[in-house]
Enquirer: 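Structure below; questions to follow.
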Amino acid sequence: MEDKLKEVAQWIAASKRVIVFSGAGLSTESGIPDFRSPGGVWDRYNPEDFYFQNFLASEASREKYWQMATEMYEPIKKAHPNQAHLAIAELEKLGKLDCVITQNIDGLHFKAGNSEERVIQLHGTAIFVSCLSCKKRYDRNEIQERIKEGQKAPRCGDCGGLLKPATISFGQSMPEKETEEAYHRSSLCDLFIVVGSSLVVQPAASMPLVAKRNGAKLVIINRDPTPFDDMADLVVHGEAGSTMKSILDHVKREARVKG
Ligand code: APR
């Protein structure tokens, strides 16, 4: 295993454009459950109830949505970046990171120290709430307070529009600028590292393909097998935290040796 991680570190050292692509598996060691592992979000909730069309359909389904979203927000609110987040932030400090493309809505890449301009949030963020009509943005905790006070499906104070966490739900349009930029950077990178994703949700899961088809090396670090393992140049079925920490240690050692 150590030889594999050393090899990834050598690829990072030799690369000009490294992309890290992260999924919910990156944040389980920070206490946030992922979606498809046993005991994950889709084990406890029916994904159908999260469809955007349902949210728009009725007050009852909005109340249900907010009830589930409030429960899911609890671990996100308390979470701290883990070793994997910190290793990725350090790759940026070492000047080795082109960008992070993330499906995660927890904001932990920023808490770890990655800069705004180097993190592409494909599925939005749970840290803010926005009005679906006038697009006004609210701090999440402020809206959670209103829910505690009894508002089951809060409305916008300015226009009366529907408020929803600024995440991208199933059936909702992807953020155009972020999606285009993620595709573009994936096509230009020379090393694409997937960390903690089952790679089953589109269009996010097509990014590794875009990178590979444009000549990049593909590394997959995930506890369970993914549909793309066969086309990867290197696969690690292990824990994100310890794996990314080891890779970073090798990168730093390499840099010291080269002096
Ligand atoms: N280290 C490494 N891998 C892990 C760890 C860990 N500590 N914990 C979980 N994993 C792996 C699991 O084996 C699983 O394959 O992370 C993967 C997480 O997969 P999903 O739960 O499917 O999460 P993700 O790929 O991010 O889902 C994509 O689906 O539900 C939607 O919008 C949601 O952004 C999400 C999207």
Enquirer: Indicate the atoms forming the closest heavy-atom contact of I88 with L97, along with that distance.
Expert: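 Reported closest heavy-atom pair: O-CD2, 4.1 Å.
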Enquirer: For the backbone of N82 and the side chain of H85, can you confirm whether one donor and one acceptor N or O come within less than 3.5 Å of each other?
Expert: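 Yes: the side chain of H85 pairs with the backbone of N82.
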Enquirer: Is any side-chain heavy atom of P33 closer than 4.5 Å to a side-chain heavy atom of M72?
Expert: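 Of all side-chain heavy-atom pairs linking M72 with P33, none is under 4.5 Å.
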Enquirer: If you count every heavy atom of other residues, nucleotides or ligands that lies below 6.0 Å from K93 atom NZ, does the total exceed 12?
Expert: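 Yes, enclosed.
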Enquirer: Would you find more than 12 non-hydrogen atoms of other residues, nucleotides or ligands less than 6.0 Å from R44 atom CZ?
Expert: yes
Enquirer: V20 pairs by side chain to side chain contact (heavy atoms under 4.5 Å, CB included) with which of V195, I221, I101, D98?
Expert: V195
Enquirer: Using the ring pair (Phe, Tyr, Trp, His ring centres under 6.0 Å) rule, pick out the option among F55, Y65, F170 that qualifies with F50.
Expert: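 Single pass found, and it is Y65.
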Enquirer: If we only count heavy atoms from C-beta on, is the L94 to L248 side-chain gap below 4.5 Å?
Expert: yes
Enquirer: Once rounded to the nearest 0.5 Å, what's the spacing between atom CD of Q172 and atom CE of M174?
Expert: 10.0 Å
Enquirer: Inspect the surroundings of NZ in K64 and state if more than 12 heavy atoms from other residues, nucleotides or ligands are less than 6.0 Å away.
Expert: no
Enquirer: Show the numbers, then the answer: is there a side chain to side chain contact (heavy atoms under 4.5 Å, CB included) between I168 and I105?
Expert: CA-CA 9 Å; I168 305 295; I105 58 175; over 6 Å; no
Enquirer: Which pair of heavy atoms, one from A84 and one from L26, lies closest together, and at what distance?
Expert: CB-CD1, 3.4 Å
Enquirer: CD of E116: more than 12 outside heavy atoms within 6.0 angstrom?
Expert: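 No.
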Enquirer: In this structure, are over 12 heavy atoms from other groups packed under 6.0 Å from E176 atom CD?
Expert: no
Enquirer: Please check if Y73 and V41 belong to a single hydrophobic cluster, counting links between Ile, Leu, Val, Met, Phe, Trp and Tyr side chain heavy atoms closer than 4.5 Å.
Expert: no
Enquirer: Give a yes or no on whether a salt bridge exists between E149 and R146, defined as a side-chain N under 4.0 angstrom from a carboxylate O.
Expert: no
Enquirer: To the nearest 0.5 Å, what is the distance between CD (Q10) and CD (E254)?
Expert: 4.5 Å
Enquirer: For K245, I'd like to know if atom NZ has over 12 heavy atoms of other residues, nucleotides or ligands within 6.0 Å.
Expert: no
Enquirer: How far apart are the closest heavy atoms of A216 and D233, and which atoms are they?
Expert: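 That would be O-OD2, 4.2 Å.
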Enquirer: I'd like to know if the side chain of N104 and the backbone of D106 have a donor-acceptor N/O pair within less than 3.5 Å.
Expert: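 It does not hold such a pair.
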Enquirer: Return the minimal non-hydrogen interatomic distance between Q83 and G241, and the atom names on each side.
Expert: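 What the structure gives for the nearest pair is CB-O, 3.7 Å.
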Enquirer: Minimum heavy-atom separation for S186 to F192, with atom names?
Expert: OG-CE1, 3.6 Å
Enquirer: Scan R185, K177, H184 and name whichever one has a side chain to side chain donor-acceptor pair (under 3.5 Å) with E181.
Expert: R185
Enquirer: Grab the two heavy atoms, one from S30 and one from A79, that are nearest each other, plus how far apart they are.
Expert: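 Heavy atoms of S30 and A79 come nearest at O-CB, 3.6 Å.
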Enquirer: Got a salt bridge between K4 and E7, using NZ or NE/NH1/NH2 to carboxylate O under 4.0 Å?
Expert: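 No, no charged N to carboxylate O under 4.0 Å.
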Enquirer: Do side-chain atoms of K217 reach the backbone of V8 as a donor and acceptor pair under 3.5 angstrom?
Expert: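 A pair under 3.5 Å: no.
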Enquirer: Taking R223 for its side chain and G25 for its backbone only, find out whether a donor-acceptor pair lies under 3.5 Å.
Expert: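 Not at all, since once roles are kept as given, no pair shorter than 3.5 Å links the two residues.
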Enquirer: Side chain to side chain contact (heavy atoms under 4.5 Å, CB included) between L56 and L132: does it pass, once the steps are laid out?
Expert: CA-CA 10 Å; L56 298 176; L132 296 179; 3.9 Å; yes
Enquirer: Angle between ring planes, F35 versus W42, binned at 30° and 60°: parallel, tilted or perpendicular?
Expert: tilted
Enquirer: Kindly indicate whether the side chain of K252, heavy atoms from C-beta on, has any atom under 4.5 Å from the side chain of E90.
Expert: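 SC-SC contact between K252 and E90 confirmed.
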